[in-house]
Amino acid sequence: MKVAEQCLSDKEEVSLMNFEEIRKADDELIMSTYGRFPVCITEGKGATAVDIDNKKYIDFGSGIGVNSLGYCDDGYVEAVCAQVKKLQHTSNLYYTQPQLEAAKKLIELSSMKKVLFCNSGAEANECAIKIARKYSFDKYKNDRNKIVTLQNSFHGRTVTTLAATGQDSFHNYFFPFTEGFAFAPANDLEKTMEVIDNKTCAVMIELVQGEGGVMPLDKEYVQKLVEYCSSFDILVVVDEVQTGVGRTGTFFGFQQFDIKPDIVTSAKGLGGGLPIGACIVSDKCSDVLAPGTHGTTFGANPVVCAGANYVLSQFKDTNLLSGICEKGKYIRSRLEIMPGVVETRGLGMMVGAVLENNDAKSVANKALENGLLVLTAKTVLRLLPPLNISMQELSDGLDILENTLKEIFQ
Ligand SMILES: Cc1ncc(COP(=O)(O)O)c(C=O)c1O
């Protein structure tokens with residue numbers, strides 16, 4: 001009998017298994033697409049996660065930027081539970097109020113025009129790509145459908161968003177990929193303009209390349225690029241899946257680049273832990289999609305929207321945003337004097353630390369042993385703590401990181 005079957009039949013319930021049994025069963029039952037850390041998280045509160053052996057960890061990863069208000073924030077739990085008791089799902093064939101409320105808040109916070117809700121970052125980007133191509137098709141009726149993205153970008157894992165991702169390592173196995181993407185070097189305006197041509201309908205950028213190693217774009221490059229695109233009616237899509245919802249210190253990152261994108265995509269932190277994506281458009285693109293051109297069964301699910309509404313309410317009714325800039329500065333000031341750190345970069349509470357030995361993975365493993373969860377992006381250490389983390393938890397987590405780096409570099 002296989003380990004998983006044996007464990008499950010012996011114990012009857014997965015919740016009674018120990019960590020080693022869980023790991024073996026997971027190997028047998030779940031397709032292996034992740035290099036998991038050797039820990040099973042069972043619960044959490046604030047910025048603290050608890051594992052199956054009751055060990056506590058300060059979490060500087062937030063489930064990869066998703067738990068924007070940390071684990072099980074009281075108000076968030078209350079809002080989600082109230083909604084699930086009332087209406088857990090209907091379909092997009094009917095009107096529902098939670099999605100309308102979420103749209104209203106998103107539009108107020110972004111000064112955009114209309115929203116389409118979906119379930120993930122990749123889906124939000126797929127929608128943006130469809131809107132960009134249809135906008136051009138409707139207006140120019142020719143093969144003006146090329147989309148320029150940046151080298152080292154990351155836009156998702158669907159076949160089309162992989163094609164949009166500007167990293168060769170993602171362009172394997174799944175041929176044929178969607179056609180019509182070209183890649184330009186970030187922060188090099190001249191070379192970017194060489195890639196843009198009269199077949200280009202849109203340019204899609206991340207303002208800080210998260211998965212690419214926390215690489216911020218230069219403000220001047222972004223502004224000039226947007227200006228250039230606007231003069232040729234080329235749409236500017238800003239992928240704010242990782243940078244959005246307060247992460248960089250403004251509600252959306254584009255708000256500190258002083259630009260007005262045509263399309264903005266959001267996901268991750270928007271639902272505070274529930275799966276929601278949003279494609280948000282300016283006036284220009286607000287009527288591109290019509291009935292039958294796009295849709296999703298789960299998109300704008302009322303429970304997920306109740307979570308998003310609670311997250312969004314925190315930006316309107318509290319001083320969450322100003323705290324993000326302050327905490328981001330504090331994180332970097334502490335990191336900069338830690339052993340082994342040669343450079344810090346990022347925006348707000350999206351922070352990358354370049355290490356002397358470029359071995360962020362070993363630091364993440366050692367930090368885990370020491371009670372701290374951190375992320376990596378390529379060879380860089382990546383910190384995305386919950387936006388509302390207390391100064392105490394933040395400072396305790398940074399103490400653990402400092403001790404971890406001392407163990408490795410001193
Ligand atoms: C900038 C960016 N775009 C898109 C995605 C894909 O989002 P999802 O995993 O929700 O599909 C990610 C995920 O890391 C991301 O960082």
- Determine whether the side chains of Asn358 and Lys378 contain a donor N or O and an acceptor N or O closer than 3.5 Å. no

- Task: Begin from the C-alpha positions of Arg23 and Glu20 and carry the test salt bridge (Lys or Arg N to Asp or Glu O under 4.0 Å) through to its verdict.
- Result: CA-CA 5 Å; Arg23 181 167 29 196; Glu20 268 320 310; 3.1 Å; yes

- Query: Above 12 or not: heavy atoms from other molecules or residues under 6.0 Å from NZ of Lys113?
  - Reply: no

- Message: Under a 3.5 Å threshold, yes or no: a donor from one side chain and an acceptor from the other, between Thr48 and Glu393?
- Response: yes

- Query: Between Val39 and Ile52, does a side chain to side chain contact (heavy atoms under 4.5 Å, CB included) hold up when you go through it step by step?
  - Reply: CA-CA 8 Å; Val39 61; Ile52 194 161; over 6 Å; no

- Step by step, work out the side chain to side chain contact (heavy atoms under 4.5 Å, CB included) result for Val214 and Val208. CA-CA 6 Å; Val214 195; Val208 182; 4.0 Å; yes

- Checking salt bridge (Lys or Arg N to Asp or Glu O under 4.0 Å) for the pair Lys114/Asp283: CA distance, chi angles, key distance, verdict? CA-CA 8 Å; Lys114 279 191 184 177; Asp283 210 8; over 6 Å; no

- Task: Output, in order, the C-alpha distance, side-chain angles, deciding distance and verdict of salt bridge (Lys or Arg N to Asp or Glu O under 4.0 Å) for Glu369 and Lys366.
- Result: CA-CA 5 Å; Glu369 282 173 29; Lys366 194 93 204 132; 3.2 Å; yes

- Message: Return the CG to CD1 distance between Leu355 and Ile408, rounded to the nearest 0.5 Å.
- Response: 8.5 Å

- Query: According to the interplanar angle, ranging from 0 to 90°, do the rings of Phe254 and Phe252 count as parallel (below 30°), tilted (30 to 60°) or perpendicular (above 60°)?
  - Reply: parallel

- Can you tell me how far CG of Asn67 sits from CD1 of Ile389, rounded to the nearest 0.5 angstrom? 12.0 Å

- Can you check whether Gln151's main-chain N or O pairs, donor with acceptor, with Gln209's side chain at less than 3.5 Å? yes

- Task: Please confirm whether Lys361 makes a cation-pi placement over Phe37, using NZ or CZ under 6.0 Å from the six-membered ring centre and within 45° of the ring normal.
- Result: yes

- Give a yes or no on whether the backbone of Leu162 and the side-chain of Arg157 come within a donor-acceptor separation of less than 3.5 Å. no

- Check Lys284 against Asp262 and note the closest heavy-atom contact, atom names and distance. CD-OD1, 3.6 Å

- Going by heavy atoms in the side chains, are Leu289 and Leu116 under 4.5 Å from each other? yes

- Task: Could you tell me whether a side-chain N or O of Ser62 sits under 3.5 Å from a main-chain N or O of Gly65, the two making a donor and an acceptor?
- Result: no

- Query: Does Val341 reach the side chain of Leu405, with side-chain heavy atoms less than 4.5 Å apart?
  - Reply: yes

- Item | 4.5 Å side-chain heavy-atom contact, Val84 and His89 | no

- Message: Under the side-chain contact (heavy atoms from CB on, under 4.5 Å) test against Glu126, which residue among Ile131, Thr160, Val159 passes?
- Response: Thr160

- Message: For the OH atom on Tyr228, are there more than 12 heavy atoms of other groups (residues, nucleotides or ligands in this structure) within a distance under 6.0 Å?
- Response: yes

- Message: Check whether Lys268 reaches the backbone of Gly121 with its side chain - one donor and one acceptor, N or O, closer than 3.5 Å.
- Response: no

- Message: If we ignore hydrogens and angles and just use 3.5 Å, is the side chain of Thr192 paired with the main-chain N or O of Pro185 as donor and acceptor?
- Response: yes

- Message: For a quick test of reading the model, state the closest non-hydrogen atom pair linking Ser153 to Thr165 and the distance between them.
- Response: O-CG2, 3.1 Å

- Message: If you count every heavy atom of other residues, nucleotides or ligands that lies below 6.0 Å from Glu78 atom CD, does the total exceed 12?
- Response: no

- Query: Any Lys/Arg nitrogen of Arg345 or Glu343 sitting under 4.0 Å from an Asp/Glu carboxylate oxygen of the other?
  - Reply: yes

- Task: Run the ring-centre check on Phe183 versus Phe181 and record whether the distance is less than 6.0 Å.
- Result: no

- Message: Looking at Gln223, I want to see if its CD is surrounded by more than 12 non-hydrogen atoms of other residues, nucleotides or ligands under 6.0 Å.
- Response: yes

- Minimum side-chain heavy-atom gap Val238-Val222 below 4.5 Å: no

- Message: Any side-chain to backbone donor/acceptor pair from Ser136 onto Arg144? Under 3.5 Å, distance only.
- Response: yes

- Can you tell me if Glu211 and Gln242 form a side-chain donor-acceptor pair at under 3.5 Å? yes

- Output yes when a side-chain donor or acceptor of Asp143 lies under 3.5 Å from a complementary backbone atom of Lys199, and no otherwise. no

- Task: Begin with the C-alpha distance, continue with both residues' side-chain angles, and end with the deciding distance and a verdict on side chain to side chain contact (heavy atoms under 4.5 Å, CB included) for Leu217 and Leu150.
- Result: CA-CA 10 Å; Leu217 296 189; Leu150 297 182; 3.8 Å; yes

- Query: Charged N to carboxylate O below 4.0 Å: is that the case for Lys45 and Asp74?
  - Reply: yes

- Item | Minimum heavy-atom distance between Phe117 and Ile276, given as atom pair plus value | CD2-CD1, 3.7 Å

- Message: Regarding Ser322 and Asn319, do their side chains bring together a donor and an acceptor under 3.5 Å, going by distance alone?
- Response: no

- Looking only at heavy atoms, which two atoms of Ile129 and Met204 are closest? And how far apart? CD1-CE, 4.2 Å

- Query: So, Arg382 and Thr376: side-chain donor and acceptor under 3.5 Å apart, yes or no?
  - Reply: no

- Looking at residues at least two apart in the chain, or sitting in another chain, which of them share a ring-ring contact (aromatic ring centres under 6.0 Å, His included) with Phe257? none

- For Val303 and Asn301 the tightest heavy-atom approach is N-OD1, 2.9 Å

- Task: Look at Asp51 together with Lys55 and state whether they make a salt bridge at an N to O cut-off of under 4.0 Å.
- Result: no

- Message: Between the side chains of Lys105 and Glu101, is the shortest nitrogen-to-carboxylate-oxygen separation below 4.0 Å, so that they form an ion pair?
- Response: yes

- Decide if atom NZ of Lys219 counts as having more than 12 heavy atoms of other residues, nucleotides or ligands within a radius under 6.0 Å. yes

- Message: Check whether Ser120 reaches the backbone of Glu123 with its side chain - one donor and one acceptor, N or O, closer than 3.5 Å.
- Response: yes

- Worked verdict on Tyr57 versus Asn370 for side chain to side chain contact (heavy atoms under 4.5 Å, CB included): CA-CA 8 Å; Tyr57 305 82; Asn370 294 343; over 6 Å; no

- Check whether the side chains of Thr243 and Glu206 place a donor and an acceptor atom closer than 3.5 Å, and report yes or no. no

- Message: Between Arg332 and Gly346 (side chain of the first, backbone of the second, donor and acceptor by atom type, cut-off under 3.5 Å), is there such a pair?
- Response: yes

- Asn388 and Lys327 have their tightest heavy-atom pair at C-NZ, 3.6 Å

- Message: I'd like to know if the side chain of Asn125 pairs up with that of Thr265 as donor and acceptor (distance under 3.5 Å, no hydrogens or angles considered).
- Response: yes

- Using atom types as modelled and distance alone, determine if a side-chain donor or acceptor of Gln255 lies under 3.5 Å from a backbone N or O of Leu109. yes

- Message: For Ser362 and Asp359, which I'm curious about, is there any donor-acceptor pair between the side chains at under 3.5 Å?
- Response: yes

- Message: Is it true that Gln392 and Asp396 share a donor-acceptor pair across their side chains at a distance under 3.5 Å?
- Response: yes

- Query: Counting only heavy atoms not in Glu220, do more than 12 fall under 6.0 Å of its CD?
  - Reply: no

- Message: So, taking the atom named CG in Asp27 and the one named OG in Ser32, what distance separates them when rounded to the nearest 0.5 Å?
- Response: 7.0 Å

- Give the C-alpha distance, both sets of side-chain angles, the deciding distance and a yes or no for ring-ring contact (aromatic ring centres under 6.0 Å, His included) between Phe177 and Phe175. CA-CA 5 Å; Phe177 287 94; Phe175 304 102; 5.3 Å; yes

